[in-house]
Each structure stands twice: as structure tokens, then as C-alpha cells.
Amino acid sequence: MASNPAGNGCRIGVLPDLLVNKIAAGEVVERPASVVKELVDNALDAGATRISVAIEDGGKQLIRVTDDGFGMTAEDLRLAVMPHATSKIGSDEDLYAISTMGFRGEALASISAVSKLRIVSRVPEAVEGNELRVAGKELVAAQAAGCPAGTTIEVRDLFFNVPARRKFLRAKSTEVGHINEQIARVGLAFPDIGFELTNNGRVTHNLPPSAERMGRIAKFYSPELAEALIRVERDERGVALEAFLAPPAQSRATAQWQYTFVNGRYIRDRYVQHAIKEAYRGLTEPNRHGVVFLFLTVDPHEVDVNVHPTKIEVRWADSNLIHSQVLSALRETLRKGSLPAALRPSTSPTPIEPAEQDRIRREAAMSLKALSPLRPSDPPKYQRLESAASTGRAMAEDRYPGKPGVDPTKVWKSLYGEPGNVESTPAEHAGTTTDVSTTMFPPATTARPRAIQLHELYLVTETDDGIVIIDQHALHERVIYEQLRDRITSGPLEAQRLLLPETVNVTSSQIALLETHGDLLRSLGIEATPLGSDTIAVHAFPSLLKDTDVVSFFRDLLDFLAIQPATVEGEAVLHEVLDMMACKAAVKAGDVLTDGEIDALMRKRHLIEGSSSCPHGRPTMLHLTKRELDRQFKRT
């Protein structure tokens, strides 16, 4: 415990004002984006119709916010930098009906404690304005100044007197990404106000006032997404709701694309998040998240925003009401029959004409007749095996009518590599000469594998002492993960250059991830470059994921990288990304596997001998011994 500076024997002492303000700044001013948020909030409360933000060096060197609001007098300026000085509340009652963005009177005091602050302001009716300079809470100058009506606040050398905090700031591109996110949030919440963001002298966002939000969503999150959004409005029981929600086909890998605003304030709330998740339940995969922009307007008496230092959490007077209103509005919209067809993804394949089905069956029969009986020492040629693969696909379609078949080469390629690549395919048994074709494509005369597929999800096989039930996706995912992990230790994964680059619409903050995680992307075999301010071009992609939608995977990857904290270890991030890749490349529940695919997958079980679970932690297989079966059937 700290000693008492007064030396009077008392162990408790009062902290100096500057230290108090630095502690407060640690809660309010986390990074340059926090400063931008607080200053823009003040500009909004000042009645501004146009707000300009300029930054240099990611906000570490300079943050300047200029507004055309009602300004401040010389006395207002002097009080504005004092702790807990505010014009927005004056009594206990005001604290429970907050209608402004700011209210605590901490922002400018905290910012001035850890930076060199300059404020220039003029009220419209005054002839001249006033200037105030403060550095680390020390008053440097207070004087008259010529300036337009409104306020300009400059914050220079952020954390100049707190080197430990400055050291923990991220790369410049990352900090710029966080500032872009703050501008996006406030731009969505207040479409009637104009915003401009300038980075190192270059205008990156220029948003004129607008009567609707859709244009701003298109600006920040791509026109492609905006075109897919469905607008919902409802005003019931004191809750006015406006929402823009994307069809389930536009779902994302994280909940980062769910934006909630209450009375113009961006918040994160577990009740609202749960309502959104429930609205999309059954329409998306369990690990996917719907894209929703939600704007709620409620009586300020019904919501308490004074529960978190950054004001990002709230407490509701009636949380059940909020939950039910959000859930019902979103669910009714998602489930009503008049929605676009993209909202109801088909689970059935494109029907095959009867004549085409007959042709496939005839060719399959001819291929089977053409294959003479084969011995293990006399493997078939690759050309014949391609026909066998086509036969297997046709047989699968016959065995499971109405279900989409799986490309027989997909599983084999993920397990063994490209056809004919003898060097990349290890022999199954040491000391045995094995032809790659027999490894990838079992001979046509091979007996039916001992494993069978049930419910297009599980594989069941006999063992010496019982049976094993295998989750086909979990097993395949684990096998691919282990192979990826082994390969990446010897260098970058094999990449396939795309004939035409795939373009992905992204946010400004996501473009910054290319620099922050450049080494990781290169090790994964991904080559991507910025293409303008809101697009990324993918030039090369991992060979393993050749059957995966490039745009969808890359979006999920960026969403995952965006939420990684600065303190996370690189090895942990790599593990999660390899897991994501394995999950994308693995066969899915509902995929019909041919006998050859089942056999190929079963022969790779040895890769996961050290683990009986997939990278997510789900079990890959369950083992029932003969003794347990005998006990269940009362044979013992």
C-alpha cells in the first residue's frame, strides 16, 4: 500500500488532481478513436449540422474536430476542461432522463490530462471568439481569437505524458480503422448531419446530410449489402423501431455486423443480441450471425445509459419489452412469404431431366462393364478411375434420390492432394510400393467398405471389440486441420493464383487488417491487395480451399481477425484460422458420400489418434464395445 505523503501516520491519502484525471482518462480515453467519439458527441450536443474530423499518424499526432454548433464563451471554455463540469445535467432527476450524447463532464478534462489540447470557439452572436490551450492539465494560454461560429478542438501528442499507454497503441492502420468505425456508427445514427473525415490531409469520407440511412449503409458497408437489406418499421408500446436486416444468405461469421442504437447512441446489449439470434434461429447455421442495423427510440426515462465508463452498455426499465419488440419485428419480417427468394435458400438440387438421368445410368453401366476384374498388384489406370468416380457419383444419386451428390474428388483431394501427384502422396504402409491411383480411388472390384453412412451425417464401422460411430464432418475437419498444421510448419501453404481476382467489399477498418495480419495471410497462401477505399482484391487462395467460395471465406476471415485483441498470441490466431479453413473444406452434414469417399476418409483416421475431438472440441467418434452392446441387449 502506498505511503502517506503527509507523513502523519495515516495510510490513506488524497490523490493529486492530475493523477485523478489520468486515472479517469484510462477509462474514457482508451485510444485515439475514443477521443474522436467524445469530441463528436460534444459536437452533436452543440447542435452541429456539419462535423469535420481530421487525423494525423492514426490520431496519435493530431485529432481535430470542427463543428458549426452554438459555440462557447470564454467562461465556458475555462469550465469545460474542469472535471465534472457539464451543461447537460444539473440535478439527480436529469441523470435518469438523459437525452444528450454526453453528460458526465469527464471527456475534455480526461483528454486534456493526457494530451496537448487547444480549443477555439465562438458563439454566433459574438464578434470574436476565444482560444484556450492546456497541456497535461497545465493552462498554457487563454486569449481572444478570430474564428467562425462553432468550435474547433485540437488534440496533439496523445499520451505524451503517459508513455506506457502510448506504447500499447496499435499500428497506425489499426487505429485509423477504429476511427473509421466510430465515424460509421455516428454517421448511421445521424443521417441528417454531414460528416467529413480527413486522414493525413486526404479526405476519406465526405457524407452530406441525407434524409435516409440506406445510402450511408451502402457507403460504409458496400452497395451489395445495402441492396440486399430489408427495411422494417414498427412503433408499439412506447418503442419505435427501425431496422435494416439482411437475408440469412448474407449471414456472417461473427456478430460484429449487428449494430444497435438507442436514441442515437451505439450500444451492445445482451437482450437485443439474444432477440436477433432468436429471430434468425432455424434460418442460418448455429455458428452464423445475421446482419442487422437496428435503431430504437424510447423515452429517456425507460433506459439508463449511466452504467459503463464508455457509455456502450445500458440498463432497461423493461428489458422483456425490448426483447419481445425486437424479436417479433425481425422474426415476422424474416419468415413472411413475401420476402425475396434469396431469403429462403433451397435445400434441393436443380432437378435433372429424365432423359439426362437415363443417359447417366447408361454411361455408368457401360463404364462398369468395361472395367475388368483387378488384382491389388494390378492397379487400374487413372483414366479408368475417373470413370469409376463418375460412376460412384451416379450411384450415390440413385441411392439417395432427391439429394445433392458430392463431387467424389473433393474428399480425396483434401486427403491426398491432386490426382497423379505421386510425390505428394505418401504410401499407406512403409516398405510397400503403392500406386497413387489405388490410394485415391479404390479399385472398382474392392468390396464395399465396412463403414456405412447413416442419415447423411454419421459413419458406422465395425472394430475388433465393438463398433465406432463417426461424425463425418468432425472427423474430416480434424484430419484436414492436422494436415494443415503439419504443412504450415515447413512454410506457407500451397496457393493457387486466381485467373481473375475476386473482389470483396469491405469496410475501411478491414482494409487495415491486410497490413496488420500480412504475415499470417501470406503463410496461409492468401494474396490480397486493397482496391480503392472499400474493396479488396484476392489474387491467390489456398489450394485446399479451391472448392470454397472465396468471397464468403475471406469475409469470415476478416471478421474473425477484426475482433482479435492486441494481446492474443499469434499461435492462437493461427490455430483458429486453420480451424476455420478445415471447417470450410470438410464435408458437411447432409453430404452424400460414395463408398470410395467413405473408404478414403476412414483410412485417414490414424492422423487423429492423439485426439478424439474436432478443433472446436466436439467428439469425432463414439466407441461402443461388444461388451456394452451385449449388456444393452441383456446378453450377459
Side-chain angles (χ1 to χ4, degrees), residues 180-181 184-185 187-188 212-233 241-261 266 268 272-295 326-348 502-511 513 528 531 534-538 541 545 547-563 580 583-584 588 590:
N180 276 315
E181 177 68 8
R185 292 174 184 177
L188 292 179
E212 53 88 31
R213 307 181 199 271
M214 191 65 81
R216 298 238 167 136
I217 294 177
K219 174 66 176 176
F220 286 110
Y221 305 101
S222 86
E224 176 191 4
L225 176 61
E227 289 176 3
L229 295 177
I230 306 154
R231 187 169 182 265
V232 184
E233 279 192 298
L241 177 150
E242 181 184 21
F244 301 85
L245 57 155
Q250 293 277 350
S251 64
R252 303 301 171 95
T254 71
Q256 179 188 5
W257 291 75
Q258 294 174 2
Y259 288 79
T260 302
F261 300 84
Y266 172 81
R268 289 198 301 264
V272 173
Q273 289 175 330
H274 184 268
I276 294 174
K277 186 174 182 64
E278 286 297 306
Y280 278 89
R281 182 180 296 279
L283 301 176
T284 61
E285 297 177 22
N287 60 338
R288 305 289 294 181
H289 303 268
V291 177
V292 177
F293 300 90
L294 177 64
F295 304 87
V326 173
L327 174 58
S328 60
L330 269 58
R331 184 162 57 188
E332 288 173 11
T333 302
L334 287 169
R335 296 177 186 267
K336 66 183 180 181
S338 59
L339 287 179
L343 198 59
R344 304 184 300 276
S346 174
T347 58
S348 301
E502 293 278 3
T503 56
V504 185
N505 293 115
V506 296
T507 64
S508 301
S509 58
Q510 288 179 318
I511 287 183
L513 296 172
L531 192 65
D534 59 357
T535 306
I536 290 176
V538 181
F541 206 59
L545 299 181
D547 297 319
T548 301
D549 181 75
V550 175
V551 174
S552 175
F553 174 82
F554 198 70
R555 278 176 177 164
D556 289 351
L557 178 59
L558 292 178
D559 286 346
F560 167 76
L561 294 177
I563 62 174
M580 183 187 303
C583 185
K584 289 286 186 181
K588 305 298 187 292

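Since this is a predicted model, take the numbers as computed values, not measurements.
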Could you give the distance from CG (Leu513) to OG1 (Thr507), rounded to the nearest 0.5 Å?
7.5 Å
Roughly how far, to the nearest 0.5 Å, is the CG atom of Leu545 from the NZ atom of Lys584?
9.5 Å
Those residues that, when tested against Asn505, pass side-chain hydrogen bond (donor to acceptor under 3.5 Å, both in side chains) (two or more places apart):
none
Could you pull out the closest heavy-atom pair between Pro247 and Ala228, with the gap in Å?
CD-O, 3.1 Å
Tyr280 side chain reached by Leu245 side chain, heavy atoms, under 4.5 Å:
yes
Just how far is it from atom CG of Asp534 to atom OG1 of Thr503, taken to the nearest 0.5 Å?
10.5 Å
For Ile511, enumerate each residue passing the side-chain contact (heavy atoms from CB on, under 4.5 Å) test, keeping only those at least two apart in sequence or located in another chain.
Val506, Pro530, Ile536
Could you list the residues that satisfy salt bridge (charged side-chain N to carboxylate O under 4.0 Å, His left out) with Arg231, not counting sequence neighbours?
Glu233, Glu242
Any side-chain heavy atom of Phe554 within less than 4.5 Å of one from Glu502?
no
Just verifying a value: how many Å separate Gln273 CD and Leu294 CG, rounded to the nearest 0.5 Å?
11.0 Å
Not counting sequence neighbours, which residues clear ring-ring contact (aromatic ring centres under 6.0 Å, His included) with Tyr221? List them please.
Trp257, Tyr259, Phe293
With side chain to side chain donor-acceptor pair (under 3.5 Å) as the rule and sequence neighbours excluded, what pairs involving residues 246-255 come up?
Ser251-Arg288
Residue list, salt bridge (charged side-chain N to carboxylate O under 4.0 Å, His left out) with Arg185, at least two apart or on another chain:
Glu181
Who pairs with Glu278 by salt bridge (charged side-chain N to carboxylate O under 4.0 Å, His left out), at least two apart in sequence or on another chain?
Arg281
Which pairs count as salt bridge (Lys or Arg N to Asp or Glu O under 4.0 Å) when at least one residue sits in residues 214-229, sequence neighbours excluded?
Glu224-Arg555
Distance, nearest 0.5 Å, that separates CG of Leu561 from CE of Met580:
7.0 Å
Report the residues that fulfil ring-ring contact (aromatic ring centres under 6.0 Å, His included) with Phe553, sequence neighbours left out, ordered by chain and then residue number.
Phe541
Using only atom types and a distance under 3.5 Å, with no angle test, would you say the side chain of Gln258 pairs donor to acceptor with the backbone of Gly290?
yes
Looking at Pro248 and Thr284, what are the two nearest heavy atoms and their distance?
CB-CG2, 3.5 Å
Residue list, ring-ring contact (aromatic ring centres under 6.0 Å, His included) with Phe295, at least two apart or on another chain:
Phe261
Mind checking side-chain contact (heavy atoms from CB on, under 4.5 Å) for Ala279 and listing every partner two or more places apart, or none if nothing turns up?
Leu327, Leu330, Arg331, Leu334
